[in-house]
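Sequence positions, counted from 1, serve as the residue numbers for this chain. On a predicted model such as this, the values are computed, not experimentally measured, just so you know.
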Amino acid sequence: MLKRVLMAVTFAILPGLALAQRDIGAMPKEVFTAKTVAIVNNTHNDQVEQGAIEALKRRGKLTVIDDSDVADVTLTFDKRSEHEGTSKTTTGDDGKPNTSYGMTFGSSTYMKAVLKGSVLPFFKTSTGDSKKKAGIGCVTDLESAYNSGR
């Protein structure tokens with residue numbers, strides 16, 4: 001239990017890491033009979049979609065179509081930006097306080113997979129990667145979960 005709490009705190013404190021976060025339960029049986037997949041790309045970066053399509057074609061089990069209303073599975077990609085500010089106060093050689101402020105910026109790509117007729121995702125993942133690598137990584141995470149039958 002403590003390990004799970006520490007992992008949750010780590011991912012909350014360190015956004016934008018290239019490590020993927022997965023949220024998987026048991027794969028619904030419909031996933032194993034799916035033939036078509038649609039991609040909804042809300043990242044405003046076409047390379048994310050290109051990476052996802054490349055990874056899906058490499059696997060060869062699903063046909064990518066444009067219409068998410070008729071696709072057996074829909075993969076939705078979103079991007080979230082994070083920022084964190086830190087301030088630091090030290091004492092200078094003259095005895096006066098010196099204050100500095102720093103800001104870090106990062107972003108993560110999130111993917112959720114939903115079966116036709118459902119609104120709840122059966123799989124979610126995220127990565128600190130961007131562009132094409134994010135699309136490939138998210139689809140690879142889904143493929144790993146699929147292959148493990150989870």
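Taking the side chain as every heavy atom from C-beta outward, M27 and F122 approach each other to under 4.5 Å. Residues P28 and V31 are in side-chain contact: their nearest non-hydrogen atoms beyond the backbone lie under 4.5 Å apart. You'll find the side chain of F123 reaches within 4.5 Å of the side chain of D141, heavy atoms only. For the pair V37 and L75, the minimum side-chain heavy-atom distance is below 4.5 Å. I53 places a side-chain heavy atom less than 4.5 Å from the side chain of I39. Within the 4.5 Å cutoff, the side chain of T76 has no heavy atoms near those of the V114 side chain.
The shortest heavy-atom contact between P121 and K112 is CB-CB, 3.9 Å. Minimum heavy-atom separation, F77 to G135: CE2-CA, 4.1 Å. The shortest non-hydrogen separation linking S68 to A38 is CA-CB, 3.6 Å.
From S107, atom OG reaches atom CZ of R80 across 12.0 Å, with rounding to the nearest 0.5 Å. The CG atom of N42 sits 12.5 Å away from atom NZ of K79, with the distance rounded to the nearest 0.5 Å. In this structure, CG on D67 lies 9.5 Å from OG1 on T36, to the nearest 0.5 angstrom. Note that OG of S148 is 11.0 Å distant from CD of E143, once rounded to the nearest 0.5 Å. Rounding to the nearest 0.5 Å gives a distance of 11.0 Å between CE of M111 and CG of D78.
The stretch residues 27-53 participates, sequence neighbours left out, in no salt bridge (Lys or Arg N to Asp or Glu O under 4.0 Å) pair at all.
Environment of CG in D94: crowded, with over 12 heavy atoms of neighbouring residues, nucleotides or ligands closer than 6.0 Å. The local environment of NZ in K131 is sparse, with at most 12 non-hydrogen atoms from other residues, nucleotides or ligands closer than 6.0 Å.
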Next item on the list: Check the pair D129, T109 against side-chain contact (heavy atoms from CB on, under 4.5 Å), reporting the backbone distance first and the verdict last.
Entry: CA-CA 7 Å; D129 291 332; T109 301; over 6 Å; no

Margin query: Evaluate L115 against V73 for side-chain contact (heavy atoms from CB on, under 4.5 Å), listing each step before the verdict.
Written below: CA-CA 5 Å; L115 286 169; V73 175; 4.0 Å; yes

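Under the salt bridge (Lys or Arg N to Asp or Glu O under 4.0 Å) criterion, K132 pairs with E54, not counting sequence neighbours.
Hydrophobic clustering (ILVMFWY, side-chain heavy atoms < 4.5 Å, transitive): F32 and V139 are in one cluster.
A side-chain donor-acceptor contact under 3.5 Å links T140 to the backbone of I136.
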Can you give me every donor-acceptor pair (side chain of residues 57-66, partner residue at least two apart or in another chain, under 3.5 Å) with its distance?
none

